[in-house]
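I have placed the structure first, in the form of structure tokens, so that the comments after it can refer back to it.
Nothing here was measured: the structure is a model prediction, and the numbers come from that model.
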Amino acid sequence: MNAIKDVLKKYKEPILYVLFGGFTTVVNLVVFYLMNKAAGEELYLVNNVVAWLAAVIFAYITNKLWVFESKSFNLKVILKEIPEFFAARIFSLGVEEGGLWLFVDVLGFDSFSFSVLGFEVTGKLIAKLVLAVIVVILNYVFSKFIIFKKSKNGGK
């Protein structure tokens, strides 16, 4: 039992990042799916931006408070973190938007579609899932080493 506690303590940050990254991905996918149903799949790139915005807001809050434990709400800290967080996420959004375009419009993923338990899985959704893995990795690197980087004395 102590070995499990030691592993959890040692890898707390990446475990929490993956956990909250999974929740963020769920927020992103659910909003994307709902937007495609409400606004139409022909607007998938616009729908993706709306889903991205919802996910980024969720991610900032969870990353700040629980993953990287940046507990300071000092205005100077917030004014540094939020623009850096959104800038990094805008970069990864560009990767995702470009990837969606590549998978859907160039590689023809749109021709794939199947149902799982009554839920329609489209080529756009498959492409989004593949790109989610790439985006999570990029976002971790930005958050860990730039945005929520701790100073050498352990604080922000």
Side-chain angles (χ1 to χ4, degrees), residues 1 3-71 78 81-149:
M1 191 63 156
I4 293 172
K5 285 182 183 179
D6 290 343
V7 168
L8 290 176
K9 186 176 179 180
K10 182 176 181 181
Y11 296 107
K12 177 185 174 189
E13 185 180 280
I15 289 169
L16 287 174
Y17 187 82
V18 168
L19 177 69
F20 285 113
F23 292 153
T24 300
T25 301
V26 169
V27 167
N28 192 317
L29 291 171
V30 167
V31 173
F32 182 71
Y33 178 81
L34 293 173
M35 288 299 299
N36 277 341
K37 290 298 181 191
E41 283 201 13
E42 62 278 356
L43 295 174
Y44 74 94
L45 291 174
V46 173
N47 298 339
N48 187 55
V49 173
V50 174
W52 170 85
L53 184 59
V56 169
I57 292 167
F58 178 84
Y60 175 74
I61 294 166
T62 58
N63 277 233
K64 177 174 181 55
L65 297 178
W66 295 293
V67 178
F68 299 104
E69 298 180 356
S70 174
K71 304 290 184 177
I78 297 289
E81 287 177 349
I82 289 176
E84 286 180 353
F85 194 85
F86 272 80
R89 293 323 192 261
I90 287 170
F91 175 79
S92 61
L93 172 66
V95 170
E96 187 174 24
E97 287 279 285
L100 275 173
W101 171 79
L102 178 68
F103 281 121
V104 174
D105 292 337
V106 176
L107 299 176
F109 267 53
D110 213 20
S111 62
F112 303 117
S113 180
F114 58 92
S115 290
V116 175
L117 303 170
F119 180 76
E120 183 183 7
V121 179
T122 65
K124 289 179 182 86
L125 195 57
I126 294 167
K128 186 136 174 76
L129 286 168
V130 169
L131 291 162
V133 173
I134 295 166
V135 165
V136 165
I137 293 167
L138 279 173
N139 289 339
Y140 180 79
V141 169
F142 287 132
S143 291
K144 171 79 175 164
F145 299 107
I146 299 170
I147 301 159
F148 299 111
K149 180 181 176 184

I want to check something: taking the side chain as every heavy atom from C-beta on, are [X] and [Y] in contact at a cut-off of under 4.5 Å?
{"X": "L34", "Y": "V30", "answer": "yes"}
{"X": "L19", "Y": "T62", "answer": "no"}
{"X": "V67", "Y": "F148", "answer": "no"}
{"X": "I15", "Y": "Y17", "answer": "no"}
{"X": "I78", "Y": "K64", "answer": "yes"}
{"X": "Y60", "Y": "T24", "answer": "no"}

May I have all residue pairs that pass salt bridge (charged side-chain N to carboxylate O under 4.0 Å, His left out) and include part of [range], sequence neighbours excluded?
{"range": "residues 45-62", "value": "none"}
{"range": "residues 45-54", "value": "none"}
{"range": "residues 87-104", "value": "E96-K128"}
{"range": "residues 106-119", "value": "D110-K124"}

Please check this pair: side chain of T122 against backbone of L125, looking for a donor-acceptor N/O pair closer than 3.5 Å. yes

For F109 and F103, take the angle between the two ring planes, folded into 0 to 90°, and tell me which bin it lands in: parallel under 30, tilted 30 to 60, perpendicular over 60. tilted

The reported gap from CZ in F68 to CG in L16 (rounded to nearest 0.5 angstrom) is 9.5 Å

Are the aromatic ring centres of Y44 and F32 under 6.0 angstrom apart? no

Please say which of K37, E41, M35 ends up in a side chain to side chain contact (heavy atoms under 4.5 Å, CB included) with N47. M35

Sequence neighbours left out, cut at 3.5 Å: what donor-acceptor pairs do the side chains of residues 5-12 make with other protein atoms?
unit_1 : atom_1 : unit_2 : atom_2 : d
K12    : NZ     : E69    : OE2    : 2.6

Side-chain donor-acceptor distances from residues 130-140 under 3.5 Å, at least two apart:
unit_1 : atom_1 : unit_2 : atom_2 : d
N139   : OD1    : S92    : OG     : 2.9
N139   : ND2    : V135   : O      : 3.3
Y140   : OH     : E13    : OE2    : 3.2

Show your reasoning for whether side chain to side chain contact (heavy atoms under 4.5 Å, CB included) applies to L29 and L129. CA-CA 8 Å; L29 291 171; L129 286 168; 3.4 Å; yes

